[in-house]
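Just so we're clear, the structure is a prediction, and the values are computed from it rather than from any experiment.
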Amino acid sequence: MASVFLYHVVGDLTVGKPEMVEFYETETVESAIRAIGESTECGIPVWRKRSTPSLPGFVENSEMRQHRFVGILNSLDIVAFLAKTECLQEEKAMKIPVSEVVCSNNTLLKQVDPGTRLIDALEMMKQGVRRLLVPKSVVWRGMSKRFSILYNGKWLKNNENSSSSSGLTADSTNRPATSKASSRDKFCCLSREDVIRFLIGVLGALAPLPLTSISSLDIINLNYNFIEASLPAIEATRQPPCDPSAIAVLEQTESEKQFKIIGEISASKLWKCDYLAAAWALANLYAGQFVMGVEDNMSSRSFSDFLQTSFVGGEQNNGTAKTKAKKFSSRSIGFNPTSPTRLSIGRSMYRGRSAPLTCKTSSSLAAVMAQMLSHRATHVWVTEADSDDDVLVGVVGYGEILAAVTKQPSAFVPSNRSYEGFGNENQS
């Protein structure tokens with residue numbers, strides 16, 4: 001385990017982070033779409049409103065705040081909700097409160113002190129925590145590092161260190177950091193993406209991990225959700241919840257013995273899309289057509305039957321939103337294909353934003369991390385190293401990366417050192 005995790009604290013990663021503004025469960029789907037577009041990891045924490053305190057000077061503690069947390073709402077949750085028949089036929093679907101959409105999971109967020117060791121924060125995230133709520137307006141001194149960063153950007157030498165010529169003692173190292181909260185609670189939200197961004201900046205301290213292949217590290221997740229391209233796209237919404245929030249769309253290879261990935265239905269791909277157009281497509285297209293963005297040769301319902309309500313930034317007319325006919329376009333949901341006319345099609349025909357983000361089993365950990373950050377993706381699909389057909393092996397997400405960087409050195413001694421570089425298999 002790299003010493004950088006022992007000498008850094010959570011507060012080091014939150015310097016410059018904006019103050020979190022709580023998004024309440026009474027807000028509308030329309031408001032959630034705006035908030036998700038400005039979020040990290042394609043989702044937003046959802047909260048219950050504070051109950052009116054009965055006593056003057058009432059201060060909310062961490063347990064009460066944790067109880068108010070509902071869950072994390074992402075773009076795939078909203079598109080899947082809007083794809084329901086009753087929502088497609090209801091023009092007021094965008095005004096529905098998010099309490100009817102978000103999946104309640106109180107364990108996805110945890111409040112921690114800014115002096116918490118980074119290694120402890122990583123362990124929390126490995127156990128399923130996706131957001132860390134960190135007090136922002138505090139004065140703190142980290143105990144596991146000789147010099148600790150303050151939120152005002154200055155450096156402060158620990159009093160314990162300055163008074164002792166021998167440095168930190170064992171007792172002070174194990175003692176948690178102290179913090180003094182301000183009169184008005186202010187918090188920032190630390191995501192797993194923030195942690196990966198920090199790790200990219202300290203790759204040298206993680207050596208030899210960054211140049212080790214993901215197959216040697218044994219971090220490829222083989223338990224992923226998938227759907228065949230010939231099935232209705234709406235079947236993807238019936239898959240069990242998973243992390244990352246993504247469903248691979250697979251197609252059989254010419255040998256019909258293996259499956260290759262041709263796209264994905266995920267929160268990452270739907271992050272900044274036209275949600276109503278995506279919902280219509282999800283409800284009416286096959287999975288292969290959805291990821292390729294097929295616009296012609298469509299059967300069943302006509303595109304002209306699809307009405308989009310202009311809520312976001314739209315004009316109001318006597319208190320009601322205007323509606324206009326909306327023809328589904330692959331570009332409107334974030335895809336840029338060449339309008340293929342059949343499901344089985346050459347990969348070069350639909351490359352673009354619809355192409356899934358992939359790497360090879362021989363790709364290095366550093367290459368995968370760089371891919372995820374540059375594309376603001378929550379995961380990378382892993383394909384066979386010796387195959388040109390993108391035969392899917394598994395997926396690597398935040399959880400797998402955090403597990404890799406916290407492994408003991410003896411757990412990842414590579415058996416094959418033929419692959420030394422990184423960044424050569426970038427398939428995006």
Side-chain angles (χ1 to χ4, degrees), residues 29 33 42 74-91 93-94 101 224-240 242 244-252 259-309 323-357 381 390 392:
V29 170
I33 291 174
C42 319
N74 63 38
S75 52
L76 182 57
D77 295 331
I78 293 181
V79 172
F81 175 77
L82 294 177
K84 296 179 180 179
T85 303
E86 58 269 25
C87 293
L88 285 175
Q89 297 174 350
E90 177 59 58
E91 296 179 0
M94 297 285 278
V101 185
Y224 54 87
N225 285 345
F226 67 92
I227 182 175
E228 291 191 32
S230 58
L231 294 177
I234 194 66
E235 292 293 328
T237 64
R238 301 186 177 99
Q239 298 279 352
C242 63
S245 182
I247 300 94
V249 179
L250 305 182
E251 186 179 64
Q252 279 190 331
F259 285 88
K260 63 181 180 180
I261 182 170
I262 64 171
E264 64 175 300
I265 301 175
S266 65
S268 294
K269 286 292 183 181
L270 299 171
W271 184 17
K272 296 185 179 182
C273 70
D274 182 328
Y275 283 74
L276 286 171
W280 190 96
L282 192 66
N284 290 274
L285 304 183
Y286 291 105
Q289 294 170 329
F290 182 87
V291 298
M292 295 178 187
V294 172
E295 299 178 14
D296 50 6
N297 286 354
M298 297 305 303
S299 58
S300 70
R301 282 161 278 188
S302 171
F303 285 119
S304 60
D305 295 333
F306 175 50
L307 294 179
Q308 180 188 19
T309 305
T323 60
K324 59 180 180 180
K326 174 69 175 181
K327 180 178 179 180
F328 167 67
S329 169
S330 59
R331 294 171 182 82
S332 68
I333 62 170
F335 300 145
N336 187 22
T338 55
S339 300
T341 56
R342 60 193 180 96
L343 192 57
S344 181
I345 189 166
R347 185 174 179 82
S348 61
M349 294 286 287
Y350 59 86
R351 252 194 199 284
R353 294 190 64 186
S354 61
L357 188 63
W381 299 102
D390 286 343
L392 186 61

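In this structure, CE on M292 lies 14.0 Å from OH on Y286, to the nearest 0.5 angstrom. The CD1 atom of I262 sits 4.5 Å away from the CD atom of E251 when rounded to the nearest 0.5 Å. Considering CD1 of I265 and CG of L270, their distance stands at 8.0 Å, rounded to 0.5 Å. How far OH of Y275 is from CE of M94: 9.0 Å, rounded to the nearest 0.5 Å. Taken from CH2 in W381 to CG in L392, the straight-line distance is 6.5 Å, to the nearest 0.5 Å. The structure places SG of C242 at 4.0 Å from CG of N225, a figure rounded to the nearest 0.5 Å.
Considering all non-hydrogen atoms of both residues, A83 and A279 come closest at CB-O, 3.5 Å. Between A278 and F290, the shortest heavy-atom contact is O-CE1, 3.5 Å.
A search for side-chain hydrogen bond (donor to acceptor under 3.5 Å, both in side chains) contacts involving S75 returns nothing, not counting sequence neighbours. Among residues two or more places apart in sequence or in another chain, the side-chain hydrogen bond (donor to acceptor under 3.5 Å, both in side chains) test is passed with E235 by R238.
Although no hydrogens or angles enter the test, the distance criterion places no donor-acceptor pair under 3.5 Å between the side chain of K84 and the main chain of A283. Side-chain atoms of Q239 come within 3.5 Å of backbone atoms of F226 as a donor-acceptor pair (strictly under, hydrogens ignored). For the pair D77 (side chain) and N74 (backbone), a donor-acceptor distance under 3.5 Å is present.
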* To do: Kindly determine whether V249 and I261 satisfy side-chain contact (heavy atoms from CB on, under 4.5 Å), including the steps that lead there.
  => CA-CA 6 Å; V249 179; I261 182 170; 5.9 Å; no
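T237 is listed as a side-chain neighbour of L282, based on a closest heavy-atom distance under 4.5 Å. The shortest side-chain heavy-atom distance between I247 and L76 falls under the 4.5 Å cut-off.
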